[in-house]
Each structure stands twice: as structure tokens, then as C-alpha cells.
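Here is how names work: the chains are called A, B, and so on, in the same order as the sequence lines, proteins then strands, and each is numbered from 1. Heavy atoms only: backbone and side chains are in, while hydrogens, waters and symmetry mates are out.
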Amino acid sequence: NAGVMQNPRHLVRRRGQEARLRCSPMKGHSHVYWYRQLPEEGLKFMVYLQKENIIDESGMPKERFSAEFPKEGPSILRIQQVVRGDSAAYFCASSPADLTGVGSGNTIYFGEGSWLTVV
Amino acid sequence: QQPVQSPQAVILREGEDAVINCSSSKALYSVHWYRQKHGEAPVFLMILLKGGEQKGHEKISASFNEKKQQSSLYLTASQLSYSGTYFCGTASSSGGSYIPTFGRGTSLIVHP
């Protein structure tokens, strides 16, 4: 499967525990984006990363949330000390290059999401 | 700031047409349209880059009016498989990264 791979698909955590969500981009893609989706709502941008660099984290909550995209391995979204309000679907997307450039038709392709439930 | 989509929901019978609108308060670089079925990933439909550009994908097409900062998605002769939530993602310069910001979505239900 050459698509964006996310795991786990479903994760249940008790309040105060840590959640780690992993994302492997499509083959040939080096740009990763994380979005959060609450029930009946749209996709809220969280963070944009390239290998070993955070490019834009303007959508990340200031505390408890962090993201990385190491040189080797998947991108990881980490949520520490989870609370009930963190329950949501977390989608990862990837693109082959940045989205600029004259005539660029680059877009982002989504993975199937990780559903986090905090109990 | 996220784009505004209208209507919030559309209910159709097979074969009927629908239009979904997307507007932004910011100058737009591109508009990206996706369809998401319940519990699944958003699936890319098309991207529009230039003011006045129109694109087609089978019986689904879209237009982008750069001056009005609006895009519309046109679904003609709808099929049952068109059911889902449609999202527009608008991209404007945000520190130079042009990351799509999505609206709340339009729920489309097609009945037999």
C-alpha cells in the first residue's frame, strides 16, 4: 500500500496517560501535516513538518502536544497527560513537496486517521 | 481563518444536481476539494490554482473566482456514491507554507 499509513487506527487512553500517534507518508513524500477532527467538525491544522524540521506549528496547543519527523522512521504526534477534550480523530497527510511554486498542483493526501478516545 | 461552506447539508435523489460553495475572507492561492465518508480518510477530488479556473472530474467540477475569493463545487446527475461530507481547503500564504485550512464541511446525502 503506497498510501499514507497511520497507526494505531484506534487508541484508548485513560486521563493522564500519554498517546503516541504514528504516520508514515506516501512513498516519495517528505512533507507531513497533522490535522485534528472533532465530531461533526472540520479538519483543524495542527503542525507541518519536513524531515527533522518543524516548519509551522501554529495550530498546536501550547502545552502537552509535540510532533517530530525524524530522519529515519515515521512522524510522531505525542500527546502527554491526555484529557477528555483530546478525544478526536487525528489525520496525517503528506505531500511530495511544499505547496508553493508557480503552477504547482501539489496537494496533500490523507491517511485513514487515528481515533483517540480518552476515558 | 477557516473558509465558510454553504449549505451545511444537502439531501438529493439520485440524478439530481447540487452546488457547494466555499468562501474565504483572505486572498487565496489555491482551493483544494475533498470528500470524506464516515470513518474514513478525506479523499482528494481536485485542486484549483488560478482565478477563474474550472476543472472537471467525471460529473464533478469546480470553479474558482479569485477576485471574489470563492470556489464552488458542482455535482451533476448525482450518484449514491457521492454521499459524504465535502470539504474545501483554502490556501493562502502562512509564513510561506500555503497550508490548506478547511471549512466545517457540507454533508451530502443521496437517496435512491
Side-chain angles (χ1 to χ4, degrees), chain A residues 1 3-7 9-10 23 25-26 29 31-50 53-60 67 88-115 117, chain B residues 1-6 8-9 20 22-24 26-51 53 55 57 62 64 66 71 84-107 109:
Chain A
N1 186 343
V4 179
M5 303 298 292
Q6 289 189 247
N7 69 83
R9 291 294 312 280
H10 298 276
C23 168
M26 284 177 87
H29 288 193
H31 299 246
V32 166
Y33 312 76
W34 285 94
Y35 286 81
R36 176 163 64 177
Q37 186 175 39
L38 294 168
E40 308 304 323
E41 291 194 14
L43 297 145
K44 301 278 192 200
F45 167 73
M46 299 181 75
V47 62
Y48 163 41
L49 310 101
Q50 295 177 30
N53 282 308
I54 296 175
I55 307 302
D56 186 334
E57 56 181 347
S58 58
M60 285 279 269
Y90 292 84
F91 286 94
C92 170
S94 71
S95 66
D98 66 37
L99 303 180
T100 58
V102 175
S104 167
N106 286 329
T107 190
I108 62 175
Y109 298 90
F110 285 92
E112 303 229 326
S114 290
W115 268 257
T117 302
Chain B
Q1 194 165 0
Q2 64 181 161
V4 176
Q5 288 186 234
S6 63
Q8 287 187 327
I20 299 171
C22 173
S23 63
S24 174
K26 298 168 85 170
L28 299 178
Y29 175 78
S30 60
V31 180
H32 310 233
W33 284 97
Y34 292 79
R35 175 174 61 213
Q36 183 182 31
K37 294 187 183 284
H38 186 70
E40 297 182 9
V43 174
F44 172 68
L45 295 176
M46 65 188 78
I47 179 175
L48 300 106
L49 291 174
K50 301 174 184 176
E53 183 179 37
K55 273 195 172 180
H57 178 74
F64 176 22
E66 192 176 353
S71 178
T85 302
Y86 289 77
F87 291 99
C88 70
T90 54
S92 55
S93 176
S94 170
S97 53
Y98 296 86
I99 299 164
T101 300
F102 289 92
R104 294 176 67 97
T106 295
S107 176
I109 300 172

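For the pair A:F91 and B:Q36, the tightest heavy-atom approach, listed with the atom from each and the gap, is CZ-NE2, 3.4 Å. What you find for B:G39 and A:R9 is that their closest heavy atoms are O-NH2, 3.9 Å.
Of the two parts of A:Q6, neither the backbone nor the side chain holds a non-hydrogen atom closer than 4.5 Å to a non-hydrogen atom of chain B. Of the two parts of B:Q2, only the side chain, counted from C-beta on, holds a non-hydrogen atom closer than 4.5 Å to a non-hydrogen atom of chain A.
Interatomic distance, B:I99 CD1 to A:Y48 OH, rounded to the nearest 0.5 Å: 7.0 Å. A distance of 9.0 Å separates CZ in A:F110 from CZ in B:F87, rounded to the nearest 0.5 Å.
Between chain A and the options B:S30, B:G105, B:S107, B:P100, the largest number of non-hydrogen pairs under 4.5 Å is found for B:P100. Contact tally against chain B (heavy-atom pairs below 4.5 Å) for A:G59, A:G42, A:G111: the top residue is A:G42.
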